[in-house]
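Order of the sequence lines fixes the chain letters, A, B, ..., with proteins taken first and strands second; residue numbering starts at 1 for each chain.
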Amino acid sequence: MIAQSTLKLLRDRFRAAIGRIGGDPDADPGVRVATEARFGDFQCNAAMALARKLGLKPPEAAQRIVAAVAPELAEVVEPLEIANPGFINIRLRTSYLARCLESIEPPAAGAEDRLGLPKVAQPERVIVDYSSPNIAKQMHVGHLRSTIIGDAFVRVLGFQGHDVLRQNHIGDWGTAIGMVILGLWYIAARLQRGERPAEIEKRIAELHALRGKPDETRQPVLERIAAEWSLDLENQALDDFADADIQLEQLELGYIFVQALVAAIGPLVIRVKRDDLIAVPQKVTRMLQQGGPENELERRAWRRAREISVAYCQSLYDRLGVLLKPEDFRGESAYNDDLPRVITDLRLTLKPRDRSRPAADAYGELRIDQGATCVYLYDAKHQPRFKNPDGQELPMIVQKSDGAYLYATTDLAAIRYRLMECVFPAGKGATRIVYVTDARQKQHFEMFLAAARALGWLTPRVNVQHATFGSVLGEDKRPLKTRAGKNVKLAELLDEAESRALRTLDEKLDQETGPQRGPLDEAQRREIARRIGVGAVKYSDLVRDRNSDYVFSFDAMLAMEGNTAPYMLYAYARIRSIYRKVEARLGKLDPYGPDVRISLDRPEERTLALRLVRFADTLDIVAADLAPHVLCSYLFDLAGEFMRFFEACPVLQAESDSLRLSRMRLCDLTARTLRVGLGLLGIEPVERM
RNA sequence: GCGCCCGUAGCUCAGUAGGACAGAGCAGCGGAUUUCUAAUCCGCUGGUCGGGGGUUCGAAUCCCUCCGGGCGCGCCA
């Protein structure tokens with residue numbers, strides 16, 4: 001079998017050769033993809049460093065490397081060339097490229113197409129923590145990025161053969177949960193009274209309008225609303241609401257109402273029955289968290305709110321083609337019972353240190369400050385790792401002065417579970433954890449990961465990566481919002497992308513109804529447009545470096561030119577149409593037949609073949625750096641090189657039958673690579689467009 | 001104030017375990033089609049890699065400094 005990662009093969013050989021002639025056998029052998037095609041396919045830059053070490057001139061060092069490595073690579077590369085000052089230019093033998101591609105078997109029916117790539121020898125147990133919406137809220141663009149990027153990681157790491165566990169750490173507990181429950185009751189009661197959502201929206205607007213108004217203005221309005229609500233709570237059995245059949249949009253409306261109401265109260269005292277209204281949400285939160293039969297109503301309402309939210313999220317995941325499933329939802333509530341133990345562990349482990357001598361490593365200390373339980377983090381020189389704007393050391397608070405826990409506590413409980421308890425098919429405990437959140441949470445992650453290390457839970461053997469990403473901005477360069485200043489709803493965003501894609505598709509199809517395209521009926525068009533629209537939204541999220549902010553633009557993501565989903569899908573569809581055409585004219589041919597040889601005589605054929613062979617190297621980079629945009633760039637290059645091949649090298653009209661089969665094989669290998677590659681990005685291909 | 005991210009062609013962005021005259025797409029200009037899908041391909045134009053120092057045989061990439069932008073910084077998540 002031919003080694004599929006050519007870069008790895010070259011690296012190993014050069015490293016060994018450099019070791020044999022007196023260089024560092026563990027050092028980077030400096031093998032890179034060539035900076036320019038005229039320098040070959042790869043290059044080795046190790047001679048300059050080696051020359052210094054051995055007291056040689058760089059060209060001499062290069063000579064020695066070449067002499068040492070050449071015999072082992074005779075089958076793989078053309079004679080190595082040395083260029084000034086000491087670059088070694090590496091050009092793969094065309095016969096080697098052809099053999100690599102010939103070794104890729106046709107895809108087995110029903111099985112995953114692996115393009116001949118082996119799975120990793122040592123699978124990691126990876127947790128990818130992504131998406132993580134809050135309950136009772138519609139998903140918006142912020143969640144979109146985490147969801148799409150995280151899903152690409154899951155797919156790529158899974159494809160490589162790692163053991164991947166998806167975790168959707170949803171916000172289903174926390175201090176705001178009382179408002180969610182109250183919101184559920186409120187909306188259920190009002191709907192039962194026959195009120196329409198529009199009326200509730202009006203009431204919310206009324207509340208918002210009270211902001212900044214004098215107390216005398218606010219008081220009567222608030223009293224009136226509170227009185228109506230009290231009546232609901234008295235006259236209607238809360239039982240009836242516990243299983244309310246409402247949609248997430250309505251639940252969210254109720255929640256927003258409660259938020260608006262509380263915000264409008266300010267220093268006023270508004271009573272609902274015997275309670276001061278402003279304290280009711282916290283009271284409900286406490287009742288839920290205490291549990292027990294007397295708080296069963298709160299429990300049921302919480303469970304119902306969660307069900308509604310999970311069902312809503314799942315429908316969006318299904319629409320997006322995201323792998324997350326209900327069993328992957330393991331939110332904050334799952335760790336509630338572990339939180340006291342986290343505090344205990346912190347208390348027992350993070351003892352005060354002797355500062356007169358350096359510490360062995362970074363460490364943490366647990367202290368109570370103003371009633372809050374705090375973890376202070378220090379480096380080995382006893383310097384605080386984090387500071388507040390006043391220059392004082394900044395702790396991570398794990399328990400508030402009122403006894404409540406915070407997300408840092410939950411995150412610690414979650415990582416403990418993931419490292420020690422969570423079960424993979426191949427064993428217990430993750431060896432790699434990937435968190436996919438926006439970049440603003442970076443400091444929080446540094447803090448709680450430092451605490452996890454200080455606790456001894458997180459050891460250097462575990463690879464933890466915080467895959468951050470930038471914000472989605474509107475045309476005004478501010479975080480994307482609607483005209484009304486609301487978050488853009490994900491569902492509406494997808495609707496828009498799909499309908500724009502459909503409009504373009506219809507235009508094209510009406511313009512030219514060639515036999516390759518048509519005939520496509522309404523349902524087929526819609527399905528193609530759906531794939532283009534969803535694909536465009538996903539691709540535009542993946543195509544640039546995660547960390548950069550970007551301006552959301554339908555026009556840019558749906559452009560037919562450039563590094564976009566439509567261009568990729570077009571390239572794929574065009575290749576597929578060759579098959580239909582060849583079969584229509586010549587009957588069924590088997591480009592994978594035993595006598596078929598891949599011919600790479602034309603430069604366009606060779607360039608395409610080289611790109612195909614680089615797929616494995618690309619995936620290694622994507623997986624190691626968690627950089628989906630590297631895969632996008634690869635696929636874009638592949639598509640471009642295929643188009644060039646396609647322009648220059650006739651398939652149907654090839655000079656000979658064997659050349660036709662060779663080119664059909666190249667076409668199919670390209671199509672498969674595009675399909676697999678796009679699939680790893682979570683994008684479904686189209687057979688025609 | 002401290003910390004993190006960013007500044008590359010008119011626009012949008014690649015390129016950082018240092019490597020050869022800095023790449024692509026879009027836009028602009030000029031070509032290619034009795035089509036294997038022109039949602040394509042080819043060519044041209046276009047850059048003080050934010051400024052300045054330093055390390056190095058070699059710096060967009062590493063270090064220092066300054067300028068400009070974004071984000072974060074104690075009981076929210």
Can you check side chain to side chain contact (heavy atoms under 4.5 Å, CB included) on A:I90 and A:L80, steps first, answer last? CA-CA 6 Å; A:I90 305 166; A:L80 296 166; 3.8 Å; yes
Is the closest basic N to carboxylate O distance between A:D637 and A:R614 below 4.0 Å? no
Quick one: which protein N/O atoms are closer than 3.5 Å to N/O atoms of nucleotides 7-16 of chain B? Pair and distance per line, please.
residue, atom, partner, partner atom, Å
B:rA14, OP1, A:D545, N, 2.9
B:rG15, OP1, A:H629, NE2, 2.9

Student check: side-chain heavy atoms of A:L626 and A:V436 closer than 4.5 Å: no
Side-chain donor-acceptor pair under 3.5 Å between A:Y405 and A:N336, yes or no? no
Distance in angstrom units between A:Y572 OH and B:rU40 C1', rounded: 19 Å
Could you tell me the separation between the CD atom of A:Q383 and the C1' atom of B:rC2, rounded to a whole number of Å? 13 Å
Using the criterion of both pairing distances under 3.5 Å for Watson-Crick and G-U wobble pairs, give all stems of 3 or more consecutive pairs involving RNA chain B. B:1-7 with B:67-73, B:10-13 with B:23-26, B:28-32 with B:40-44, B:50-54 with B:62-66
Could you check whether any side-chain N or O of A:S309 sits under 3.5 Å from a backbone N or O of A:A136, counting only pairs where one atom can act as donor and the other as acceptor? yes
Should the pair A:E527-A:R530 be classified as a salt bridge under the 4.0 Å nitrogen-to-oxygen rule? yes
Determine the contact category for A:F87: base if any of its heavy atoms lies under 4.0 Å from a base atom, sugar-phosphate if only primed atoms, P, OP1 or OP2 are that close, otherwise nothing. base
Round to a whole Å and report the spacing from CZ of A:R644 to P of B:rA32. 20 Å
If you measure only the distance, is there a donor-acceptor pair under 3.5 Å linking the side chains of A:Y572 and A:E687? yes
Base, sugar-phosphate alone, or nothing: which one does A:F636 contact when heavy atoms must sit under 4.0 Å apart? sugar-phosphate
Figure out the CD/C1' separation between A:E446 and B:rC2, and round it to whole Å. 13 Å
Would you mind reading off the distance between A:Q653 atom CD and B:rU34 atom P, rounded to a whole angstrom? 13 Å
Under a 3.5 Å threshold, yes or no: a donor from one side chain and an acceptor from the other, between A:D541 and A:Y550? yes
Among B:rA20, B:rA39, B:rU37, the one nearest A:I532 by side-chain distance: B:rA39
Salt-bridge criterion met for A:R644 and A:E604 (N-O under 4.0 Å): no
Distance between the P atoms of B:rA24 and B:rA14, in whole angstroms? 16 Å
Judged by atom type as modelled, is there a donor-acceptor pair below 3.5 Å linking the side chain of A:D172 to the main-chain atoms of A:E332? yes
Distance under 6.0 Å and angle within 45° of ring axis: A:R544 vs A:F469: no
Side-chain donor/acceptor pairs under 3.5 Å, residues 652-659 of chain A, sequence neighbours excluded:
residue, atom, partner, partner atom, Å
A:S656, OG, A:S658, OG, 3.2
A:S656, OG, A:L659, N, 3.0
A:D657, OD1, A:R660, NH1, 3.0

List for me each residue that meets side chain to side chain donor-acceptor pair (under 3.5 Å) alongside A:K381, sequence neighbours excluded, and say none if there are none. none
Tell me the interatomic distance from A:I90, atom CD1, to B:rG19, atom P, rounded to whole angstroms. 15 Å
B:rU37 OP1/OP2 closer than 4.0 Å to side-chain N/O of A:K508: no
Which is true for A:A556 with a 4.0 Å heavy-atom rule: it touches a base, it touches only sugar-phosphate, or it touches nothing? nothing
Counting only heavy atoms and a strict 4.0 angstrom limit, can you tell me which residues of residues 52-61 of chain A come near RNA chain B? A:R52
Salt-bridge criterion met for A:R663 and A:E605 (N-O under 4.0 Å): yes
Between CD of A:E561 and P of B:rC41 the distance, given in whole Å, is 9 Å
Any donor-acceptor pair, under 3.5 Å, between the side chain of A:Q43 and the base of B:rA20, if you only look at N and O atoms? yes
Upstream residue (5' side of RNA chain B) when A:R663 and A:M48 are each assigned their closest nucleotide: A:M48
Students often get this wrong, so: under 4.0 angstrom with heavy atoms, is A:R11 touching a base, only sugar-phosphate, or nothing? base
Let me know the distance between NZ of A:K442 and P of B:rC6, rounded to the nearest Å. 8 Å
Scan nucleotides 71-77 of chain B nucleotide by nucleotide, 5' to 3', and note B when protein non-hydrogen atoms come under 4.0 Å of the base, S if they reach only the sugar-phosphate, - if neither. SSBBBSB
Integer angstrom distance from the C1' of B:rU12 to that of B:rG1: 35 Å
With a non-hydrogen cut-off below 4.0 angstrom, is A:N89 in contact with a base, only sugar-phosphate, or nothing? base
Report which part of the nucleic acid A:C649 touches: base, sugar-phosphate, or nothing (heavy-atom distance under 4.0 Å, all strands). base
B:rG28 and B:rC66, which share atom name C1', separated by this distance in whole Å: 37 Å
Kindly indicate whether the side chain of A:V141, heavy atoms from C-beta on, has any atom under 4.5 Å from the side chain of A:N487. no
